[in-house]
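Okay, so here's the structure we're looking at.
No experiment lies behind these values; they were computed from the predicted model shown.
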Amino acid sequence: MATLHILSHSPFADSRLASCLRLLGAADGLLLSGDAVYALQPGTANLQALQLMPASVALYALGEDLSARGLQAPERAQVVDYPEFVELCIRYAKVNSWL
């Protein structure tokens, strides 16, 4: 059963991103929102880990949060807006928010 994992906390503050990456299934998706988009900063171990995910795992980033932090998404990440965020929550069988 495919799951959309939603992260909103900075990857530099705790280990949620690392824990999430270990649990991702082949058909899962990962949506970065809030301070979690800092994982997409160039030259970081976090970005390297995200780029090493299997191609079958979709990576999304909330565009408004990227813009608010002056970041750009790498090719690996698909930028989504809020309506697309809602659509993703419907598309996946389960949604897991990493609070």
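For D14, the salt bridge (Lys or Arg N to Asp or Glu O under 4.0 Å) test picks out R16, with sequence neighbours left out. In this structure, the salt bridge (Lys or Arg N to Asp or Glu O under 4.0 Å) partners of D65, at least two apart in sequence or on a different chain, are R69. Partners of A27 according to the side chain to side chain contact (heavy atoms under 4.5 Å, CB included) rule, which considers only residues two or more places apart in sequence or in another chain, are A2.
Note on V57: it clusters hydrophobically with V37, by side-chain heavy-atom contacts below 4.5 Å among ILVMFWY residues. V95 and L62 fall within the same hydrophobic cluster, defined by Ile, Leu, Val, Met, Phe, Trp and Tyr side-chain heavy atoms under 4.5 Å apart, directly or through other members. A chain of hydrophobic side-chain contacts below 4.5 Å, direct or via other Ile, Leu, Val, Met, Phe, Trp or Tyr residues, connects L17 to M53. Under a hydrophobic-cluster definition in which Ile, Leu, Val, Met, Phe, Trp and Tyr are linked whenever side-chain heavy atoms come within less than 4.5 Å, directly or via other members, V80 and Y82 are assigned to the same cluster.
Classified by interplanar angle (parallel below 30°, tilted 30° to 60°, perpendicular above 60°), the ring pair Y92/Y60 is perpendicular.
Considering all non-hydrogen atoms of both residues, A61 and L31 come closest at N-CD1, 4.0 Å. Taking all atoms of both residues into account, the shortest heavy-atom contact from Q41 to F12 is OE1-CE1, 3.4 Å. Among all heavy-atom pairs drawn from G63 and V79, the shortest one is CA-CG1, 3.4 Å. Contact record, L30 with L4: N-CD1, 4.3 Å, taken as the closest heavy-atom pair. Nearest approach of Q51 to P74, heavy atoms of both residues: NE2-CB, 4.2 Å. Heavy-atom minimum distance, A49 versus L21: CB-CD1, 3.7 Å.
Between atom CG of residue D35 and atom CG of residue L7 there is a gap of 11.5 Å, rounded to the nearest 0.5 Å. C20 contributes atom SG, which lies 8.0 Å from atom CG of D28 (distance to the nearest 0.5 angstrom). One finds the OG atom of S67 at 9.0 Å from the CD atom of Q72 (value rounded to the nearest 0.5 Å). Taken to the nearest 0.5 Å, the OG atom of S33 stands 9.0 Å off from the NE2 atom of H9.
Heavy atoms from other residues, nucleotides or ligands lying under 6.0 Å from CD of E87 number more than 12.
Side chains of F85 and I6 form a contact here, defined as non-hydrogen atoms less than 4.5 Å apart.
Between the side chain of T3 and the backbone N or O of H5, no donor-acceptor pair lies under 3.5 Å. Checked by atom type and distance alone, the side chain of T44 pairs as donor or acceptor with a backbone atom of L47 at under 3.5 Å. With hydrogens and angles disregarded, no donor-acceptor distance shorter than 3.5 Å links the side chain of S8 to the backbone of L32.
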Exercise for the section: Give the C-alpha distance, both sets of side-chain angles, the deciding distance and a yes or no for side-chain contact (heavy atoms from CB on, under 4.5 Å) between L40 and L59. Expected result: CA-CA 11 Å; L40 300 175; L59 177 61; 4.3 Å; yes
Practice task
Using the side-chain contact (heavy atoms from CB on, under 4.5 Å) rule, take L50 and R76 through it: C-alpha gap first, then chi angles, then the decisive distance, then the call.
Solution key: CA-CA 8 Å; L50 291 169; R76 175 72 171 89; 5.7 Å; no
